[in-house]
Amino acid sequence: MLKNEKLVTAFAALIDQAWLSLLNFAVSLAFIRAAPKEEYGLYILLLTPVFLIQGVQNALFLSPQATILPASALEKKATVRATSSALQAGFGLISGVLGVVVLLIYQYVTLQTFDLMLALAFGFGTVGALAREGIRASQYVEGMATRALFGDLIYGFLLMACIALFMAGDEVTAANVLAAMGLAGVLPLARMALVKTGLKIDRGVWKEFWACGRWALPAVLVTWLNFNSYSYVVAAVLGAALVADISAARLFLMPVGLTITAWSNLARPKISAMHARRDFSAIRRLSLNSITAGITAFAGYMLIIVLAYPWLESLLGKNYSGLLPLTLAWAVFFFMNLPRCVLMATLMTTPSGYRELHHFSWLALMLLIPGLTIFSPHGATWVIGVLCAVELLQALLIGRSALAKWPRGLK
């Protein structure tokens, strides 16, 4: 029975990530087919800070929850859940309000057209994204992948219904899509979070969260700069239309990134539990097997992408032709990103591991800033090349640390 439950959980997680990948693809395709490049570029530029806020949420609440909850005594688990939910609810509301205010201030300072609806949509979309991700992460930590799948199905159907209406009315804009993301994220998920766990903060649990989060938070901020700041550099140097090209080239790699996320959702709580049992050989075995399987599957997937690219390119339309070199450059990035993300789970079992990741992120940023400054004027391929160099550095540093810890145990 236990084996069947594990298979169901793994299958549900796989379907969940495939569904989210399809949704992201559909939203991007809607922009590509029914909106100007500049509007798609604006959407990417506004979505990027949402990723930052989600990263902060992950650093302060979701990652510590995945570390602490599996190792907690049974009578303490309810307190951990309630504290995490309460903290996330407050964080989400504050983030949404600040999002509106900051975007309005930016419009005023840069003398742009005052667009209140865009700012409100950005704030609301942020709240929806945080609500959805918070519930999903909690369900995965509890081993309830089927519930996470059900919630994401509801989210997806609501979002796609809105997108269909926008396309029918020729209203595919950044503001409309962000508002739809907020609506689809809040309706099915926010009520579940409040009803199930309540809003009560335990100071002792929050201190445990902070012991991990205080190191994860700077690392998240630096990682966001490493992975997402290129959008703003490209927009400033080469224009928003090229941001759209880079994002479109990455479109067919979305399943890879989401699969890595699915692995993390399923495996990180298990690795934390293994660490609590001091079963270090199991951590090593799971990590190496995951890397081997992931790289093999990714290679096969990229072969299919290359062979089918002439047909795939037709989906993008004539405005997005000739992007295969950029897609292959992104593939190099993800070939290094996959083992790095797997090996990170070894370090994210102790506060000291979070501290190491924090230091590695700063080293990566020291490579990113001069790299983008020097090479971004030469074109999009050079921009992705800089990201690949940064990813290689982090993979080597994290890999060395993880390999060193496995034989002697984690401290």
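Numbering starts at 1 and runs along the sequence shown. Fair warning: this is a prediction, and the values are worked out from it, not measured in the lab.
Residues Leu183 and Phe124 meet the side-chain proximity criterion, which asks for heavy atoms closer than 4.5 Å. With contacts defined as side-chain heavy-atom distances shorter than 4.5 Å, the pair Val127/Ser95 does not qualify. Contact annotation: the side chain of Leu20 approaches that of Arg136 to within less than 4.5 Å [non-hydrogen atoms, C-beta and beyond]. Residues Ile53 and Phe91 are in side-chain contact: their nearest non-hydrogen atoms beyond the backbone lie under 4.5 Å apart. Residues Thr373 and Val233 fail the side-chain proximity criterion, which asks for heavy atoms closer than 4.5 Å. Residues Tyr40 and Val243 have side chains not in contact (no heavy-atom distance under 4.5 Å, counting atoms from C-beta outward). A 4.5 Å side-chain heavy-atom check between Met117 and Phe122 finds every atom pair outside the cut-off. For the pair Leu104/Val101, no side-chain contact is recorded, criterion being any heavy-atom separation below 4.5 Å from C-beta on.
One distance of note links CG of Leu103 with CG of Leu116; it measures 10.0 Å at 0.5 Å rounding. Atom-to-atom distance recorded for Glu133:CD and Asp152:CG is 8.5 Å, nearest 0.5 angstrom. With values rounded to the nearest 0.5 angstrom, Leu47 atom CG is found 11.5 Å from Leu52 atom CG. For the atom pair CD1 (Ile384) and CD (Glu391), the distance works out to 13.5 Å, reported to the nearest 0.5 Å. Note that CD1 of Ile283 is 12.0 Å distant from CG of Leu343, once rounded to the nearest 0.5 Å. To the nearest 0.5 Å, atoms CD1 (Ile374) and CD1 (Ile369) are separated by 12.0 Å.
Using a 3.5 Å distance cut-off with no hydrogens or angles, the side chains of Gln88 and Gln57 do pair a donor with an acceptor. At a cut-off of 3.5 Å, with distance as the only test, no side-chain donor of Ser376 or Trp382 sits close to an acceptor on the other residue. With 3.5 Å as the limit, one finds a donor-acceptor pair spanning the side chains of Glu356 and Ser401. Between the side chains of Ser28 and Tyr43, no donor N or O sits under 3.5 Å from an acceptor N or O. Side-chain contact, Asn176 with Thr173: a donor N or O sits under 3.5 Å from an acceptor N or O.
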Item to complete: Test side chain to side chain contact (heavy atoms under 4.5 Å, CB included) on Leu316 and Leu251 and set out the steps.
Response: CA-CA 10 Å; Leu316 304 180; Leu251 195 59; 4.0 Å; yes
Discussion item. Go through it in stages, so that I can follow the logic: the residues are Val177 and Phe31, the test is side chain to side chain contact (heavy atoms under 4.5 Å, CB included), and I'd like the CA-CA distance, side-chain angles, deciding distance and then a yes or no.
Written reply: CA-CA 10 Å; Val177 173; Phe31 273 104; 3.6 Å; yes
Item to complete: Might you work through the side chain to side chain contact (heavy atoms under 4.5 Å, CB included) test for Tyr140 and Asp16, ending with a clear yes or no?
Response: CA-CA 11 Å; Tyr140 273 108; Asp16 185 27; 2.6 Å; yes
Worksheet entry | Derivation of the side chain to side chain contact (heavy atoms under 4.5 Å, CB included) call for Tyr309 and Phe252 | CA-CA 10 Å; Tyr309 199 81; Phe252 300 114; 4.0 Å; yes
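The nearest pair of heavy atoms linking Val386 to Gly371 is CG2-O, 3.6 Å. Shown here for Ala131 and Gly185, the closest heavy-atom pair between the two residues is CB-O, 4.2 Å. When all heavy atoms are compared, the tightest approach of Ser287 to Ile271 is OG-CD1, 4.4 Å. Between Ala331 and Leu253, the closest heavy-atom pair is CA-CD1, 4.3 Å. Considering all non-hydrogen atoms of both residues, Phe360 and Ile398 come closest at CD1-CG1, 3.6 Å. Across all their heavy atoms, Pro339 and Ile295 have their closest contact at CD-CD1, 4.2 Å.
With salt bridges taken as basic N to acidic carboxylate O contacts below 4.0 Å, one links Glu142 and Arg81.
More than 12 heavy-atom neighbours from other residues, nucleotides or ligands sit within 6.0 angstrom of OH on Tyr301.
At least one donor-acceptor pair closer than 3.5 Å links the side chain of Ser314 to the backbone N or O of Trp311. Side chain of Ser138 to backbone of Gly134: a donor-acceptor contact under 3.5 angstrom is found. Gln107 places a side-chain N or O within 3.5 Å of a backbone atom of Asp115 that can act as its donor or acceptor partner. With Trp224 contributing its side chain and Thr48 its backbone, the two residues share a donor-acceptor pair below 3.5 Å. Formation of a donor-acceptor pair under 3.5 Å by the Gln139 side chain with backbone atoms of Ala148 is found in this model. A distance-only check finds no donor-acceptor pair linking the side chain of Ser84 to the backbone of Val80 [under 3.5 Å]. No donor-acceptor pair under 3.5 Å is formed between the side chain of Asn337 and the backbone N or O of Phe333. Of the possible polar contacts, none joining the Gln54 side chain to the Leu130 backbone as a donor-acceptor pair under 3.5 Å is found. The closest donor-acceptor contact from the side chain of Thr83 to the backbone of Trp206 lies at 3.5 Å or more, if one exists at all.
With Phe209 as reference, Ile68 is the one residue of Ile68, Leu62, Leu60 to meet the side chain to side chain contact (heavy atoms under 4.5 Å, CB included) rule.
Note on ring orientation: taking the six-membered ring where Trp is involved, the planes of His275 and Phe280 are tilted (angle from 30° to 60°).
The aromatic ring centroids of Trp19 and Tyr155 lie 6.0 Å or more from each other.
By the 6.0 Å and 45° rule, Lys37 stacks over the aromatic ring of Tyr320.
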